[in-house]
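For the single chain, residues carry numbers from 1 onward in sequence order.
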Amino acid sequence: MNTRSFSRGAGIISAMSNPAKSMNVLAIVLSLLILDGNAQFLPLNGSNKCEATEIVQVEGLTKPALYSNELRWLKWLTHIDGKLNSVVKDSIGGKISGNFEFFVYAQSGILRKVNGAISYHFSIETKDGKYRYSFSDFVYHYYAQDRNYRVVKTGNTKPLEETEAPGWQKLWTDHRKMVNGRVRNQIDELKVKVVETPKQASGKPDEKKVDW
């Protein structure tokens, strides 16, 4: 018999059968899960509120050009899953702002059901050669089934700054992760659209119509 192989096997069996080592491994796994649940996925501002904001330098683009491109991003936002409201367009100030809201779900596939909704505020301000975006005021809205079996808002809310949710921690953590992903996607799309050059007309003269 290969004594080295036997020794390795005995070591593995010993580690697996050692209650103290098993408890240590379990404690590490639980600690990682707790840290993930308590993690803050969106950045926090000076008031410990979730806010994603940045000043982006864009050389060669004027304030009107940046504002025009922001409107294209706003149009794109209307085509994704969610609802825009309270939109303000200020062409003189070069600013747009509004609120965005979308459903979050429990389970998936045919078992998927509305668990609540997330709302937040966004604003984009422009100056010659730069713009500033801000996504803030992230709030979870509780939903429940009413007596007519419709799923509606209860009026209760929960700010996304809160990391703990006793009784539904995993789902709450999943919601917060998903919100971070969606906001990052919207920011990435903004950065693309704000520097795009609008398609110009071909410039070809119209063909003369033959009078019949």
Side-chain angles (χ1 to χ4, degrees), residues 33-56 70-71 73-90 93-109 111-126 131-191 193-194:
L33 290 173
I34 291 170
L35 286 173
D36 184 56
N38 290 335
Q40 192 57 263
F41 304 105
L42 286 163
L44 296 177
N45 60 21
S47 301
N48 283 327
K49 297 292 184 181
C50 292
E51 182 182 15
T53 184
E54 182 184 6
I55 297 174
V56 183
E70 286 174 9
L71 294 179
W73 173 82
L74 188 64
K75 184 177 180 181
W76 167 82
L77 198 61
T78 63
H79 291 95
I80 64 176
D81 182 26
K83 180 176 66 175
L84 269 173
N85 54 64
S86 303
V87 175
V88 177
K89 303 175 185 178
D90 179 5
K95 178 179 179 179
I96 63 172
S97 63
N99 298 322
F100 192 74
E101 184 172 329
F102 60 92
F103 288 126
V104 288
Y105 301 90
Q107 301 177 311
S108 59
L111 298 176
R112 189 178 79 162
K113 59 182 179 181
V114 174
N115 174 256
I118 303 289
S119 67
Y120 52 88
H121 178 76
F122 66 86
S123 67
I124 308 169
E125 302 172 83
T126 61
Y131 66 94
R132 177 173 62 187
Y133 66 78
S134 173
F135 293 75
S136 60
D137 302 327
F138 293 88
V139 177
Y140 170 83
H141 302 264
Y142 287 87
Y143 271 63
Q145 195 175 74
D146 66 11
R147 60 184 179 182
N148 296 316
Y149 303 102
R150 297 175 304 176
V151 180
V152 297
K153 284 182 178 179
T154 65
N156 296 325
T157 60
K158 183 179 180 70
L160 255 69
E161 292 81 21
E162 292 186 8
T163 58
E164 296 184 1
W168 59 298
Q169 186 66 57
K170 183 181 183 306
L171 184 59
W172 177 237
T173 301
D174 289 344
H175 287 343
R176 293 188 300 112
K177 280 183 180 179
M178 187 266 294
V179 172
N180 180 58
R182 290 193 65 155
V183 170
R184 292 299 171 192
N185 179 59
Q186 291 174 14
I187 291 172
D188 290 343
E189 188 68 22
L190 172 65
K191 289 183 175 181
K193 290 199 176 298
V194 83

Contacts of Ile55 that satisfy side chain to side chain contact (heavy atoms under 4.5 Å, CB included) - sequence neighbours left out: Gln57, Lys130, Arg132
Lys193 atom NZ, neighbour heavy-atom count above 12 within 6.0 Å: yes
All side-chain hydrogen bond (donor to acceptor under 3.5 Å, both in side chains) counterparts of Glu162, not counting sequence neighbours: Lys158
Minimum-distance pair of heavy atoms, taken over all atoms of Phe102 and Asp81: CB-O, 3.8 Å
Pairwise side-chain contact, Ile124 with Leu190, heavy-atom cut-off 4.5 Å (strictly under): yes
Trace of the side chain to side chain contact (heavy atoms under 4.5 Å, CB included) decision for Lys177 with Val179: CA-CA 6 Å; Lys177 280 183 180 179; Val179 172; over 6 Å; no
Those residues that, when tested against Arg147, pass side chain to side chain contact (heavy atoms under 4.5 Å, CB included) (two or more places apart): none
Asn156: partners by side-chain hydrogen bond (donor to acceptor under 3.5 Å, both in side chains), with sequence neighbours left out: none
Check: Ala165 main-chain N/O paired with Gln169 side-chain donor or acceptor under 3.5 Å: yes
Pairs touching residues 113-123 that satisfy side chain to side chain donor-acceptor pair (under 3.5 Å), sequence neighbours left out: Asn99-His121, Asn115-Tyr140, Asn115-His175, Ser119-His141, Tyr120-Gln186
Residues forming a side chain to side chain contact (heavy atoms under 4.5 Å, CB included) with Val114, sequence neighbours excluded: Phe103, Tyr105, Tyr143, Val151
Rounded distance (nearest 0.5 Å) linking atom CG of Leu171 with atom CE of Met178: 9.5 Å
Heavy-atom check, side chain of Phe135 versus side chain of Ile187, under 4.5 Å: yes
Of all pairs that satisfy salt bridge (Lys or Arg N to Asp or Glu O under 4.0 Å), the ones with a partner from residues 99-109, not counting sequence neighbours: Glu101-Lys153
Expected output: side-chain Arg176 to main-chain Ala39 donor-acceptor under 3.5 Å: yes
Just list the side-chain donor-acceptor pairs under 3.5 Å for residues 41-52, sequence neighbours left out, or say none.
{"unit_1": "Asn45", "atom_1": "OD1", "unit_2": "Ser47", "atom_2": "N", "d": "2.9"}
{"unit_1": "Asn45", "atom_1": "OD1", "unit_2": "Asn48", "atom_2": "N", "d": "3.2"}
{"unit_1": "Asn45", "atom_1": "OD1", "unit_2": "Lys49", "atom_2": "N", "d": "2.9"}
{"unit_1": "Asn45", "atom_1": "ND2", "unit_2": "Glu51", "atom_2": "OE1", "d": "3.0"}
{"unit_1": "Glu51", "atom_1": "OE2", "unit_2": "Ser134", "atom_2": "OG", "d": "2.8"}

Carboxylate-amine/guanidinium proximity below 4.0 Å for Lys75 and Glu70: no
Residue list, ring-ring contact (aromatic ring centres under 6.0 Å, His included) with Tyr131, at least two apart or on another chain: none
Inter-residue atom distance Trp76.CH2 - Thr78.OG1, 0.5 Å rounding: 10.0 Å
Check ion pair Asp174-Lys170 (N to O, under 4.0 angstrom): yes
Listed partners of Lys89 passing side-chain hydrogen bond (donor to acceptor under 3.5 Å, both in side chains), at least two apart: none
Which residues share a salt bridge (Lys or Arg N to Asp or Glu O under 4.0 Å) with Asp146, sequence neighbours left out: Arg150
Test log, rule side chain to side chain contact (heavy atoms under 4.5 Å, CB included), inputs Phe100 and Val87: CA-CA 9 Å; Phe100 192 74; Val87 175; over 6 Å; no
Residues Ile118, Val139; criterion side chain to side chain contact (heavy atoms under 4.5 Å, CB included); working and verdict: CA-CA 6 Å; Ile118 303 289; Val139 177; over 6 Å; no
Set of side-chain hydrogen bond (donor to acceptor under 3.5 Å, both in side chains) partners for Asp90, sequence neighbours left out: none
Sub-6.0 Å ring centroid separation between Trp73 and Tyr133: no
CG on Leu77 to CG on Leu71, rounded to 0.5 Å: 12.0 Å
Candidate pair Gln40 and Thr163, rule side chain to side chain contact (heavy atoms under 4.5 Å, CB included), full reasoning: CA-CA 7 Å; Gln40 192 57 263; Thr163 58; 3.8 Å; yes
